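Have a look at the structure below before the remarks.
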Amino acid sequence: MRLLLPRTLSEVNIVRRDWSTLADSFVARVLQILSEEIKPRHLTSILINRLNNLGFPSGQHLSQLLQSQQALQVVHIRAGSGLEILEMLHSTGQLIHLRQLSLHAIRIDTHFERVPHLLLPALETLEIGGSVFFIHGVIECVGIAEMRSIELLVDELRGGTDAEYWILLSKCLISIGRFIHLKRLDLETEMRGSLKLLDHVQTCKELETLRWVGVDLDPSETEESRHKRMTLVWPRLKTLELQPFITFEE
């Protein structure tokens, strides 16, 4: 199989629409060809969507492609398990120009034995979707970056206990607190969460947008008083959206 690639190719977007194992093999072959034929430093954006298996050989070929394209600024991966994604990124090494990273695990993760360190010094925008174990793993391994925007889409609990879920999410927010220039924090949880968890990001004084869908709000506090209290913590806050956790019974 050969691919006719334009000399000016700067973006690659692979969307898998067939859920068969044959489709996984085809994507792996495409990634191999791309890693061999695209000239170094030409790509600025890569999007891999709905690939069920990111293990060998797909992960290996994607890692080789990323390694060869050190000018990359945008990477979007919606595939496999969180552990597969982290191991693939770890084998890639550093992406010093990467500014936007979007990672969505489509398979269930539980505990990670180890969390690799990622060298992404230019990273400004981070979006993570999946289990709380995966999200915690990514936040822990990002390292030092000039983060401006973070979005977390936390799946319902499928492994571990409720207490472990909130402990890990608390650790995620504690780690986010080190990004003192953060301007946007967007959080969606499928379990009821206390507003007090946001105390962990009070160090982010430049925060302008704060959104949390799934928060447990105090019914005795008015929206006006809550907004006033929040702006005392984050004086630059322009957009505040707090949506309570809603069950089918409600």
Side-chain angles (χ1 to χ4, degrees), residues 82 99-105 115 120-250:
R99 297 186 178 278
Q100 298 180 31
L101 178 63
S102 177
L103 305 174
H104 290 255
V115 179
L120 309 170
L123 192 64
E124 295 179 349
T125 301
L126 177 64
E127 179 183 321
I128 321 170
S131 73
V132 67
F133 303 103
F134 171 53
I135 290 173
H136 176 249
V138 175
I139 292 291
E140 285 294 296
C141 71
V142 164
I144 299 175
E146 290 297 317
M147 205 73 70
R148 296 294 189 271
S149 175
I150 294 179
E151 180 174 349
L152 307 181
L153 308 173
V154 191
D155 288 346
E156 62 181 346
L157 188 67
R158 299 182 184 179
T161 64
D162 289 5
E164 189 173 19
Y165 180 95
W166 293 114
I167 288 172
L168 287 174
L169 190 58
S170 295
K171 289 182 177 180
C172 290
L173 293 172
I174 291 171
S175 295
I176 289 173
R178 75 182 186 270
F179 302 122
I180 60 175
H181 299 299
L182 190 70
K183 296 186 181 299
R184 173 179 173 267
L185 177 60
D186 195 320
L187 179 64
E188 289 190 17
T189 57
E190 295 189 12
M191 294 183 64
R192 192 184 303 268
S194 170
L195 193 60
K196 290 185 178 296
L197 286 174
L198 294 179
D199 290 348
H200 297 311
V201 293
Q202 288 187 2
T203 51
C204 304
K205 296 299 183 182
E206 297 182 16
L207 205 62
E208 296 178 354
T209 300
L210 177 58
R211 177 178 177 269
W212 185 358
V213 176
V215 64
D216 189 12
L217 298 175
D218 182 358
S220 65
E221 184 178 27
T222 65
E223 184 176 347
E224 182 180 356
S225 63
R226 187 181 300 116
H227 188 275
K228 183 177 181 180
R229 180 165 58 87
M230 293 290 196
T231 52
L232 289 175
V233 178
W234 298 285
R236 299 187 182 182
L237 199 61
K238 298 177 181 177
T239 302
L240 176 63
E241 182 181 345
L242 301 174
Q243 297 184 21
F245 181 88
I246 300 176
T247 64
F248 287 109
E249 289 78 10
E250 296 173 321

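None of the values given here were measured: they were computed from a predicted structure.
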Just verifying a value: how many Å separate T125 OG1 and L123 CG, rounded to the nearest 0.5 Å?
7.0 Å
Quick one: does R211's side chain get under 4.5 Å of E188's, heavy atoms only?
yes
Looking at K171, I want to see if its NZ is surrounded by more than 12 non-hydrogen atoms of other residues, nucleotides or ligands under 6.0 Å.
no
Would you check, one step at a time, whether the test salt bridge (Lys or Arg N to Asp or Glu O under 4.0 Å) holds for R99 with E124?
CA-CA 5 Å; R99 297 186 178 278; E124 295 179 349; 3.1 Å; yes
T189 and W212, any side-chain heavy atoms less than 4.5 Å apart
yes
What's the shortest heavy-atom distance between S194 and V215, and which atoms?
C-CG2, 4.4 Å
Side chain to side chain contact (heavy atoms under 4.5 Å, CB included) between I139 and H136, intermediate numbers included
CA-CA 5 Å; I139 292 291; H136 176 249; 5.8 Å; no
Verify the neighbour count for atom NZ of K205: are there more than 12 heavy atoms of other residues, nucleotides or ligands below 6.0 Å?
yes
So which heavy atom on D155 is nearest to which on S131, and how close?
OD2-N, 4.0 Å
Does any part of the side chain of E146, heavy atoms only, come nearer than 4.5 Å to the side chain of R148, both counted from C-beta?
yes
With a 4.5 Å limit on heavy-atom distance, are the side chains of L185 and W234 in contact?
no
Can you tell me how far CG of L101 sits from CD1 of I150, rounded to the nearest 0.5 angstrom?
11.0 Å
Minimum side-chain heavy-atom gap M191-V132 below 4.5 Å
no
Is the closest side-chain heavy-atom distance between L207 and V233 below 4.5 Å?
no
Taking only residues two or more places apart in sequence, or in another chain, which ones meet E221 in a side-chain contact (heavy atoms from CB on, under 4.5 Å)?
D218, S225, R226, R229
I'd like to check the side-chain hydrogen bond (donor to acceptor under 3.5 Å, both in side chains) partners of R236; sequence neighbours left out, ordered by chain and number.
none
Can you sort out the partners of T209 under side-chain hydrogen bond (donor to acceptor under 3.5 Å, both in side chains), two or more places apart, ordered by chain and number?
none
Nearest 0.5 Å, what's the CD-CG distance between Q100 and L120?
13.0 Å
I need the E206 CD to H181 NE2 distance, nearest 0.5 Å.
5.5 Å
Please walk me through it: do L103 and F134 pass side chain to side chain contact (heavy atoms under 4.5 Å, CB included)?
CA-CA 10 Å; L103 305 174; F134 171 53; 3.9 Å; yes
Can you tell me how far CD1 of I180 sits from OG1 of T203, rounded to the nearest 0.5 angstrom?
8.0 Å
Would you say that L152 contacts I176 through its side chain, given a criterion of any heavy-atom pair below 4.5 Å between the two side chains?
yes
Could you pull out the closest heavy-atom pair between L182 and S149, with the gap in Å?
CD1-N, 3.6 Å
Any residue meeting side-chain hydrogen bond (donor to acceptor under 3.5 Å, both in side chains) with T239, in chain and number order, not counting sequence neighbours
none
Would L173 and D199 count as a side chain to side chain contact (heavy atoms under 4.5 Å, CB included) if you check the C-alpha gap in whole Å, the side-chain angles of each, and the deciding distance to 0.1 Å?
CA-CA 9 Å; L173 293 172; D199 290 348; over 6 Å; no
Would you please name every residue forming a side-chain contact (heavy atoms from CB on, under 4.5 Å) with E151, sequence neighbours left out?
E127, L153, R184, D186
Can you sort out the partners of H227 under side-chain hydrogen bond (donor to acceptor under 3.5 Å, both in side chains), two or more places apart, ordered by chain and number?
none
If we only count heavy atoms from C-beta on, is the L169 to H200 side-chain gap below 4.5 Å?
no
Might you point out which heavy atoms bring G177 and C204 nearest each other, and give the distance in Å?
CA-SG, 4.0 Å
Restricting to non-hydrogen atoms, name the atom on Y165 and the atom on E190 that form the minimum distance, rounded to 0.1 Å.
OH-N, 4.0 Å
On a heavy-atom basis, which atom in P244 and which in L217 lie closest, and how many Å separate them?
CD-CD1, 4.0 Å
